Trainee: 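What follows is a structure written as structure tokens; I'll ask about it next.
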Number of protein chains: 2
Amino acid sequence: MAKIRDVAQEAGVSVGTVSMVLNHPDYGSPAIRQKVQAAVEKLQYVPSEMARNLSLKRTMTVGVIVPTVAHPFFAELVEGLEESLYHLGYKTMLCCTQQKENAEHVFIEMLQRQNMDGIIMGAHSLDTSLYQGLKQPIIAFDRYLSPDIPIVHTDHMVGGRLAAEAFLQHDCHHIVEISGSQMVKTPAGEYHQAFNEVMHAHGVQTDIVSLPWNSFGFEEPLLLAEKIFDDFSDVDGILGSDVSVMACLQVAVRRGIKVPEQLKLVAYDGTILTQNGIRKLTAVRQPIDELAKVAAQKIVSIINGKQDDLSWVLPPTLISGETC
Amino acid sequence: MAKIRDVAQEAGVSVGTVSMVLNHPDYGSPAIRQKVQAAVEKLQYVPSEMARNLSLKRTMTVGVIVPTVAHPFFAELVEGLEESLYHLGYKTMLCCTQQKENAEHVFIEMLQRQNMDGIIMGAHSLDTSLYQGLKQPIIAFDRYLSPDIPIVHTDHMVGGRLAAEAFLQHDCHHIVEISGSQMVKTPAGEYHQAFNEVMHAHGVQTDIVSLPWNSFGFEEPLLLAEKIFDDFSDVDGILGSDVSVMACLQVAVRRGIKVPEQLKLVAYDGTILTQNGIRKLTAVRQPIDELAKVAAQKIVSIINGKQDDLSWVLPPTLISGETC
DNA sequence: GTGAAAGCGCTAACAC
DNA sequence: GTGTTAGCGCTTTCAC
């Protein structure tokens, strides 16, 4: 593996010259540049990123932390982040915290070890104290980590109202809401709040049932769906995440409950999951790609010392489907 | 940010001692170790990974290259790889090639720049010549890259036969197969071969239609599904990837074609997509988690100089569902 | 057992 | 404009 010194020797110039020619497009005379390029080609020289990193004290890498990537919401998100970061010149280090003991600690430490220039934190965290003293660039994705950590998320108040309006057009009387864990306060949790306000103003009964913390699998929602139909025989509307509502649809069909005649369903997230089944779900869609783009741009700004706002909020949209 | 030199000073020992104490569990006297630990705590010292990387000439990072992660198959795969790599002490650099001009080049170069210790290549490649001269550790996931590059994949011959048997139990006469692009030869493509052999031996007519190269979205399969029903009015069985077959199911239901009475469907891959809809699809499931685990173990072996076999093949299973 | 010093490969400030 | 050289922070060999 050729090093810069070899190139310098081959080109008959000094190491410094080679470095400058390689990193600064308008350094040196054409003749010198030519010689250096030739030597690079001949020796098939490729600079060592490790050495550059140490020298420049940066890695051009951003850590993306999510609970899991085997979930349509996070899959879309990670795809969007990777793409945006790539075009900004950054690499993506993927970290999934679910299934791993205490992985959050480890990933935060990776940040401190300067393995990454910054991180985008999309995983739930029970212990937000971890983030208090952090000096490194960090952005929270739909999470409250610390008052001084910038956050990007959907306007869930609007989301909640969109969902409410969808149900209100169909004269529902008893709506069950499936929420994530109540243990941790997230922006996403707030759509229930906005939703409830509207529903109660219209005299509609609502109940909330919760999934366990950090549950992003497909089994628990199915169990919960069964429980909902067992416990609330008069339910005529359900609001919850894509996965939860898909589970309800599945169970409802199995039980012979007609959708949307007897039961209205609105999915919150609006990932591809709601669009590629037999029935397209009515859904409030989070602008995942745009959120990803903003998060990527912002983390890069912060890395470059250009911190501005502490919060970026993008509006969701309603996708009309066949279930409400 | 405290450095090793500061720790040494604080502890009243030399830099070398600190390094040794930190990296070798049984180096030094308890007293010395104690002093060093205390200094580390006091200064909140965290070693710089960049410096270690340069010094040790490795990054403990593996690049995972896939077309996209916003697709259930690759999402599960990436999740599995990240998890396995994590437990082997490696970090995961995510690279998605779809949507990016010529990203394969860039990622291969990242490998050469020693940004990653090795890569697991799961993306289609039209230009396999890129891989000919590569000296760095690399493993192909369900792809033929070069004769000397190890490969891990499902036993697609078995997969093809499993699918065939599923159809044969139901007396089909005309089966349409949806395949990926014919432009690039992949192990996965071979299940069609095995499938056809069995079907033809039983006198069943088969037709193959193809998706474009590198198509992993959800739109094209829908168009193709429409086309299949238009072109082959007597089709009574369809075999294809999860996404393709889901699309067919969707279109079939819309057209009033009864599944499974009039049309049998078998999905190849068996991701979660086939299990969480209203109808569970009958599917040939690739052992994604196991494949991921093997791929992770093997790339680490190769990084550590322990290359053994050139190919690892794991068997798929049939998941019986409601569509065949 | 411990400390000094020579790298690891590259960048950029600073002389010439 | 070009070359020399001192870092970047850590690891480890090699004397003591």
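Chain naming here is simple, since letters A, B, ... match the order of the sequence lines and numbering starts at 1 in each. These numbers come from a predicted model, not from an experiment.
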Trainee: Roughly how many Å is it from CE in A:Met20 to C1' in C:dA13, rounded to a whole number?
Mentor: 9 Å
Trainee: Quickly work out the B:Met60 CE to D:dC10 C1' distance and round it to whole Å.
Mentor: 16 Å
Trainee: Determine whether more than 12 heavy atoms belonging to other residues, nucleotides or ligands lie under 6.0 Å from atom CD of A:Gln34.
Mentor: no
Trainee: For the ring pair A:His124 and A:Tyr144, is the centre-to-centre distance below 6.0 Å?
Mentor: no
Trainee: Quick one, give me the B/S/- string for nucleotides 4-9 of chain D, reading 5' to 3', where B means a protein heavy atom under 4.0 Å from the base and S means that only happens at the primed atoms, P, OP1 or OP2.
Mentor: B--BBB
Trainee: Once you build an axis from the first five pairs and another from the last five of the helix from C:dG1-D:dC16 to C:dC16-D:dG1, how far apart in angle are they, to 10 degrees?
Mentor: 50°
Trainee: B:Asn53 has an atom CG; how far is it from atom P of C:dC10, in whole Å?
Mentor: 15 Å
Trainee: When you measure from every atom of DNA chain C, which of residues 22-32 of chain B have a heavy atom less than 4.0 Å away?
Mentor: B:Tyr27, B:Gly28, B:Ser29, B:Ile32
Trainee: Without decimals, in angstroms, what is the distance between A:Gln34 CD and D:dT2 P?
Mentor: 14 Å
Trainee: Can B:Glu104 and B:Thr97 be counted as having a side-chain donor-acceptor contact under 3.5 angstrom?
Mentor: no
Trainee: Apply side-chain hydrogen bond (donor to acceptor under 3.5 Å, both in side chains) to the pair A:Glu76 and A:Thr271, showing each step before the final yes or no.
Mentor: CA-CA 8 Å; A:Glu76 273 188 54; A:Thr271 64; 4.8 Å; no
Trainee: Would you kindly say whether A:Ser311 and A:Asp309 are connected by a side-chain donor-acceptor distance under 3.5 Å?
Mentor: no
Trainee: Ignoring hydrogens and geometry beyond distance, is a side-chain donor-acceptor pair present between A:Asn53 and A:Thr59 at under 3.5 Å?
Mentor: no
Trainee: Are more than 12 heavy atoms from other residues, nucleotides or ligands located less than 6.0 Å from atom NZ of B:Lys298?
Mentor: yes
Trainee: Below 30° counts as parallel, above 60° as perpendicular, anything between as tilted: where do the rings of B:Phe141 and B:Phe73 land?
Mentor: tilted
Trainee: Quiz question: by atom type and distance under 3.5 Å, do the side chains of A:Glu82 and A:Thr92 form a donor-acceptor pair?
Mentor: no
Trainee: Could you check whether A:Gln99 and B:Tyr86, counting side-chain N and O atoms only, form a donor-acceptor pair closer than 3.5 Å?
Mentor: no
Trainee: Distance check needed: D:dC10 C1' versus B:Arg58 CZ, whole Å only.
Mentor: 11 Å
Trainee: What is the nucleic acid contact for B:Val18, judged by heavy atoms within less than 4.0 Å: base, sugar-phosphate only, or nothing?
Mentor: nothing
Trainee: Could you check whether B:Lys42 pairs with B:Glu10 (Lys NZ or Arg NE/NH1/NH2 to Asp/Glu carboxylate O, under 4.0 Å)?
Mentor: yes
